[in-house]
Amino acid sequence: MQILEGLNLEQEKAVKHYKGPLLILAGAGSGKTKVLTHRIAYLISEHHVNPWNILALTFTNKAAEEMRERVNRIVGQDANDIWVSTFHSACVKILRRHIDVLGYTRSFTIYDADDQKSLMRDILKYLQLDPKNWKERAVLGAISSAKDELIGPEQYELQAQGNYTKETYARCYQEYEKRLHDSNALDFDDLICKTIQLLKENEDILNYYQNRFRFILVDEYQDTNTAQFHLIRLLAHAQDEDGSVIHNLCVVGDDDQSIYKFRGANIHNILNFENQYPETKIIKLEENYRSTQNILDAANAVIKNNSTRMNKSLWCQNPKGDPIYFTQFQTEYEEAGSIADAISTVVSAGIASYKDFAILYRTNAQSRVLEEKLVLRNIPYRIVGSVNFYQRKEIKDLLAYLRTIENGMDDISVKRIINIPKRGIGLTTIDRITNYALTHGTSFYGALESYEYIDGIGRSASKIASFVSLIDSLKRHMENPEYRLEDLLREIIEETGYVRLLKEENTDQANSRIENIGELLSKIVSYEENCENEPTLSGFLEEVALVADMDNTDENNDIVLLMTLHSAKGLEFPYIYLVGMEDGIFPGYTALHSDNPEELEEERRLCYVGITRAMKKLSLSCAYSRFRNGEQQFNRHSQFIDEIPRYLLKQNGTAGASVSFHEQDTAASLSGGTYATRHSGKPARFSSGQKGAEPNGYRKTNGSGKTLLKDHPMISKGFGKKLTAEPASIDYTVGDRVKHARFGEGTVTGMKEVGSDFQVSVTFDNQMNRKMMASFAKLKKI
DNA sequence: CTCAAGAGCCTTTTT
DNA sequence: GGCTCTTGAG
């Protein structure tokens, strides 16, 4: 039978398991996704479980997509009825149906970290707490942890008694909850908590979902927090045919890869799973199909220094492979340069392609030097994470307009855009409106609507009136079923003059913002086209709120990926560079000096995750000296290096495939980016005056030699009165070579008419594929 | 009300 | 070193 083909004994056991709780301890690279997908397939075709009775939960959209795709391949059409989704989007789906019983409306807004921060800033001001002593971040952190543990404001207050700090947090928490509710908004934690509340308080709804989700599977179980654990526990409670309660719950996880404790993940969920469900069957997957024996030996050696873990040890039938490479460089520039060289050499030798490489680091800040060196050598790359597309200012601004239209009670969004672009509505006016709203028990937008009754509004009155009429007219347009989301967004851009103003700025930054706006338009168009159900504004906003940057990791692009160790979880690459292996960097300073040994253990797990990403070759590196926060630091090599047995390490040797991994770049990195062919054997001498030796202008070249196409005919005609691009002025077509200000040269592979504009697909010479709106992309035929 | 210079910040963050 | 928020002068 096909479903069981190619599975090892343990995997097969896991796939065949039918009813009752199942805990699968799956080491890195042991084929857990395979087990999950095959298990779903097996349930459907062998046990004749209805697809709609299956719920599979993941943490990322990417994992969810991958799972759905793979299940699709095995079981075909039926797979569409399975709920495969992230915790958060599953909860949103449930909440969109039932949230009115909790006193919200179905068009609720989801607040992201930025919105939470603005909201908390307002609250601290309102409670007259000195911002010097009370930081939004800290308060929000406390609230988030409380929510993760399902502690509400009242309970928090009780627990806070006697502790002034906590008592203050409690007051903030209370106000925060009130304002979220008044704004008809939920934060990310709420998505889980409110779902739990909904299920707990409404037995009929709970029963419905319990019987609907007769089989539940959870991926990355080690990362669940207490709230998520409770959610799962509530749901996994179906009635069996004989009327008895049965927990058809299958969780897959690896305690050694638990790296989100700082975010509330509760490792006890996995460690105590069998206590929670005594009838649990445990299956361990320890055979690794990803890496060489040497890489696994290194990983095992490191992780065995942790005390609290379930006993598990990876093995494989793969050859020993290369040793683990370890190099200590003088500076981080040298480190980055050598890696770039190594990648370049391996790729031009035809041994591997760019997409086979990933460079991993502990903190986002470390990416810049690497980026510089890659740009210098024309290596295509992408930084994953750091700045999410939807977190960019221009995107958030436009989304705030959309959110205002969808949910007028969303004060944070209204306040965000009330004076963007500048309308001459200043702080004092905003304060007066805020006060009016507070004293009259209305929303901020509600107060705007009755601006004539607000004292001291004076000159701003007319400006407010025109803002309100703008929003009202947009809202009215939305009532027309012919009016598409794309039209709405275009009208917002046009009416506010957002793009026009950016165009006037005509700086690099403004132009890249214009481009991002074009991308947002593309996204809204593709949402309308690809949406399974009727496309709606709230649907779009929801989709946008629940995607992370990670999800855009396109495997078709042949580029090197740069990311943090956290982002790398779940991925694999033939060649891994693990940089900054220094005490103080990795393990990080705080963990290194903490009284709590668990923090160091979490760093070690992170190291384990990093090592086990590598399939063929793993290169570790560190630098004697490194700039951090503007000052020079000297770090010893990481203690994790010492934990790898000597015989596995090849020090200062070669990295990548037979490529010299040192020195030759020093000259280049210190001579202002001119790529000197000096490859003197001189060791890079370190002097403390080196800070001065790093030419100041050096960084500036990082703009990657942008030539801005200021006078593109498209743009000069484009935005003034009409936003509509004139197709006639597009002088290129499919097959033409074009040049883009940022991405360089490429070939047009597709053109699609979208409204009065064109969506152009381009494959750039570095193999990057991009879709962009013609009126925004400023492509020039060459 | 707006702009431009100064102060303060700085792990990791699947949603 | 670079980004964001605050503060003070016009």
Side-chain angles (χ1 to χ4, degrees), chain A residues 57-64 85-92 110-114 116-118 121 131-132 135-137 140-141 144 148 186-192 219-220 222-225 227-228 257 259-265 360-366 368-369 384-388 390-391 393 419 422-430 458-460 463 509 542-551 553 563-571 580 584-592 594 599 602-603 605-606 609-610 626-632 691 694 696 698-699 702:
Chain A
L57 293 170
T58 65
F59 279 85
T60 65
N61 295 303
K62 192 171 188 247
S85 78
T86 64
F87 272 94
H88 295 265
S89 62
C91 287
V92 171
I110 301 166
Y111 275 3
D112 69 10
D114 250 23
Q116 289 177 282
K117 243 172 112 181
S118 314
R121 209 171 301 136
K132 292 232 157 45
K135 299 268 168 274
E136 301 105 76
R137 267 178 56 124
L140 285 168
S144 177
D148 284 348
L186 302 182
D187 66 20
F188 280 127
D189 297 318
D190 281 341
L191 297 178
I192 314 287
D219 193 15
E220 305 281 14
Q222 75 282 353
D223 291 332
T224 50
N225 61 31
Q228 285 156 342
Q257 292 188 67
I259 53 174
Y260 285 102
K261 208 179 79 147
F262 72 95
R263 246 184 129 262
L360 310 181
Y361 36 79
R362 177 67 238 267
T363 66
N364 279 312
Q366 290 169 257
R368 245 204 348 282
V369 181
V384 178
S386 62
V387 226
N388 183 340
Y390 294 104
Q391 273 166 270
K393 218 180 250 134
N419 200 29
K422 305 246 149 51
R423 297 189 171 84
I425 301 174
L427 259 183
T428 35
T429 309
I430 291 174
R459 271 171 306 164
S460 306
K463 291 158 184 163
Q509 203 187 32
E542 171 188 319
E543 199 170 287
V544 153
L546 297 178
V547 290
D549 191 50
M550 194 59 232
D551 303 329
T553 321
M563 64 189 109
T564 62
L565 286 153
H566 284 90
S567 307
K569 197 172 74 167
L571 305 177
I585 302 284
F586 185 36
Y589 185 85
T590 15
L592 200 59
S594 160
E599 285 196 35
E602 178 138 328
E603 296 278 313
R605 288 193 291 268
L606 201 50
V609 167
R626 167 183 306 272
F627 281 92
R628 205 155 129 79
N629 297 346
E631 67 186 23
Q632 198 164 29
K691 193 170 186 175
E694 194 63 48
N696 284 338
Y698 182 66
R699 249 191 201 130
N702 187 22

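Note on naming: letters A, B, ... go to the chains in the order of the sequence lines (proteins, then strands), and numbering restarts at 1 for each one. This is a predicted model, so every value here is computed, not measured.
- One interatomic measurement links the two molecules: CD of A/Gln391 to P of C/dC3, which rounds to 15 Å at whole-angstrom precision.
- Within 4.0 Å (heavy atoms only), A/Asp223 reaches at least one base atom of the nucleic acid.
- Atoms CZ (A/Phe59) and P (B/dT14) sit 12 Å apart, rounded to a whole Å.
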Give me the distances for all protein-to-nucleotides 3-5 of chain B N/O pairs that come in under 3.5 Å?
residue: B/dC3; atom: OP2; partner: A/Lys422; partner atom: NZ; Å: 3.3

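- Residue A/Lys135 places its NZ atom among more than 12 non-hydrogen atoms of other residues, nucleotides or ligands, all under 6.0 Å distant.
- Smallest separation of non-hydrogen atoms from A/Asp223 and A/Ile259: OD1-N, 3.9 Å.
- Contacts of A/Ile110 with the nucleic acid, taken as non-hydrogen atoms under 4.0 Å apart, are absent.
- Look at CZ on A/Arg626: it is 16 Å from P on C/dG1, rounded to the nearest Å.
- A/Phe59 and A/Phe87 have tilted rings, their planes meeting at an angle from 30° to 60° on a 0 to 90° scale.
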Please enumerate all protein N or O atoms sitting under 3.5 Å from an N or O of nucleotides 7-12 of chain B, with distances to 0.1 Å.
residue: B/dT12; atom: OP1; partner: A/Asn364; partner atom: N; Å: 3.0
residue: B/dT12; atom: O4'; partner: A/Arg362; partner atom: NH2; Å: 3.1
residue: B/dT12; atom: N1; partner: A/Arg362; partner atom: NH2; Å: 3.4
residue: B/dT12; atom: O2; partner: A/Arg362; partner atom: NH2; Å: 2.2

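- Looking at which nucleotide of DNA chain B each of A/Glu220 and A/Thr429 is closest to, the 5′-most match is held by A/Thr429.
- Among the atoms of the strands shown, none is found under 4.0 Å from any heavy atom of A/Ser89.
- Glycosidic torsion of B/dT12 falls outside 90° of 0, placing the base in anti.
- In this structure, CG of A/Leu427 is placed 11 Å from P of C/dT7, rounded to the nearest angstrom.
- A straight line from CD1 of A/Ile430 to C1' of B/dT2 spans 13 Å, rounded to a whole angstrom.
- Following rounding to the nearest Å, A/Asp114 (CG) and C/dC3 (P) show an atom-to-atom distance of 16 Å.
- Atoms NZ and OG1, on A/Lys62 and A/Thr86 in that order, are 15.0 Å from each other to the nearest 0.5 Å.
- In this structure, the NZ atom of A/Lys117 is 14 Å from the C1' atom of C/dT6, given to the nearest Å.
- The CZ atom of A/Phe188 sits 9 Å away from the P atom of B/dT14 (whole-angstrom rounding).
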